[in-house]
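First up is the structure itself, then whatever we jot down about it.
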2 protein chains.
Amino acid sequence: MKPNVKKILAQAEHICAQKDIRLTESRRHVLSIIAGSSKPIGAYDILKSLSQKMDNPKPPTVYRAIEFLQAQGFIHRIESLNAYVTCDAHHHHTGSQFMVCDDCGKVTEAHLCDLPTPLLDKTKKENFKLSSWNVELHGLCAGCQ
Amino acid sequence: MKPNVKKILAQAEHICAQKDIRLTESRRHVLSIIAGSSKPIGAYDILKSLSQKMDNPKPPTVYRAIEFLQAQGFIHRIESLNAYVTCDAHHHHTGSQFMVCDDCGKVTEAHLCDLPTPLLDKTKKENFKLSSWNVELHGLCAGCQ
DNA sequence: GCACATATGTTATATTATAACAATTTATAT
DNA sequence: ATATAAATTGTTATAATATAACATATGTGC
């Protein structure tokens, strides 16, 4: 197992122990599969990979694990790709920002703690009660230009 | 036909005439269906509505129209809802910002011309060549709180 | 151990989107 | 006006993504 995967798993284990919630086998497998992917991975690719670790898993197994991992903030969904990435923030956050390379497919998370002022101003102006946000930037990463 | 739908259609007609591209019947129908919806509408709901205006339309008809309308900037896709809304900006833009009410489902577009500085800074820091962006804010609209 | 809550297994199906190829319509050049 | 190319549509089939529903099992607190 790659060191970064190991680290992510260890972190998740720790947080789950603290919060007294269960990082079960299928959840751990799914998290390690996502962590082991160099780019966002879709649910059915996760399923394919999972079938090498478990006996004949079905879609709900993957989607349930995804739901759990998202709820804990261990992974995020890249909406424009229908795919999932691990979160490397050390704190829970209600907003996410990603840079998606349209060439190689890799995604970098930009950790802003707060919604940028121009956007926040819009919510105030509209009296919109913000609960979460997602930003996806598309373009080319440094290596692909 | 509602006045706002009429207006959106007229604008689209005008722009297409200018650019010498064709706003064909199915495209016009799909645009008017999206414009007539009070909130983002999914492709298969568009299809259902379209079947009252055309003889037995199929998914590709809707998706092709959507693709065209998106390319012209007449509509946007709300990624977190798999649904479509008309764009009321009077200029083409490569970035979009939406406030999505999780209660009533209505969406308000916030027209920022530029990517907020904190995000732009991140792209520069990563040497990421930006081509487009999408921001989706979730929460409760003024009326639903 | 028992009751309850949580998590998983399993089957089926819903929802969203596209591929592939044929037919038609429109634009363009001669 | 007519051949040709380009754009658009029709049609069938299927891919890709996600969830409902219900049965079973497993862990937790008493």
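Worth saying up front: this structure is predicted, and the values here are computed from it rather than measured.
Glu136(B) and Asn134(B) share a donor-acceptor pair across their side chains, judged by distance under 3.5 Å alone.
Taking atom CG of Leu69(A) as the reference point, atom P of dA7(C) lies 12 Å away to the nearest angstrom. Atoms CD (Glu79(A)) and P (dT17(D)) sit 14 Å apart, rounded to a whole Å. Distance, Ile78(A) CD1 to dA16(D) C1': 18 Å, rounded to whole Å. Rounded to whole Å, the distance from OH on Tyr63(B) to P on dA15(D) is 16 Å. Rounded to whole Å, atom C1' of dT26(C) lies 15 Å from atom CD1 of Ile21(B). Leu47(A) places its CG atom 14 Å from the C1' atom of dT10(C), with the value rounded to the nearest Å. Remark: C1' of dT24(C) and CD of Glu25(B) are 14 Å apart, rounded to the nearest angstrom. Regarding Asp20(A), its CG atom lies at a distance of 11 Å from the C1' atom of dG27(D), rounded to whole Å.
Residues Phe74(A) and Arg27(A) fail the side-chain proximity criterion, which asks for heavy atoms closer than 4.5 Å.
The nucleotide whose nearest atom lies closest to any side-chain atom of Arg27(A) is, among dT16(C), dA7(C), dA19(C), dA7(C). Of the listed nucleotides (dG9(C), dA19(C), dG10(D)), dG9(C) has the atom at the smallest distance from the side chain of Arg64(A). For Asn82(A), the side-chain atoms get nearest to dT17(D) when compared with the rest of dT17(D), dA20(D), dT18(C). Distance from the side chain of Lys58(B) is smallest for dT12(D) among the nucleotides dT12(D), dT28(D), dT16(C). Candidate nucleotides dT8(C), dT11(D), dT11(C) were compared by shortest atom distance to the side chain of Ser26(A), and dT8(C) ranks first. Checking dG10(D), dT6(C), dT9(D) against the side-chain heavy atoms of Arg22(A) singles out dT6(C) as nearest. Closest contact between the side chain of Thr24(A) and the listed nucleotides dT12(D), dT8(C), dT28(D) involves dT8(C).
When each of Pro60(A) and Asp55(B) is assigned the nucleotide of DNA chain D with its nearest heavy atom, Asp55(B) is the one assigned upstream, toward the 5' end. The residue among Leu81(B) and Met54(A) whose nearest nucleotide of DNA chain C is located toward the 5' end is Met54(A).
For Lys53(A), the NZ atom is densely surrounded, since the number of other residues' heavy atoms within 6.0 Å is greater than 12.
Across all strands shown, Pro57(B) has no heavy atoms under 4.0 Å from either base or sugar-phosphate atoms. Residue Phe68(B) is out of contact with every strand shown, counting any heavy-atom pair closer than 4.0 Å.
Cluster annotation: Val62(B) is connected to Ile8(B) through the hydrophobic network of ILVMFWY side chains, with a link wherever side-chain heavy atoms come within less than 4.5 Å.
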For this session: Check the pair Asp88(A), His111(A) against side chain to side chain donor-acceptor pair (under 3.5 Å), reporting the backbone distance first and the verdict last.
Result: CA-CA 9 Å; Asp88(A) 51 351; His111(A) 297 290; 2.9 Å; yes
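With centroids closer than 5.5 Å and planes inclined by less than 30 degrees as the test, Tyr44(B) and the base of dT16(C) pass as a stacked pair.
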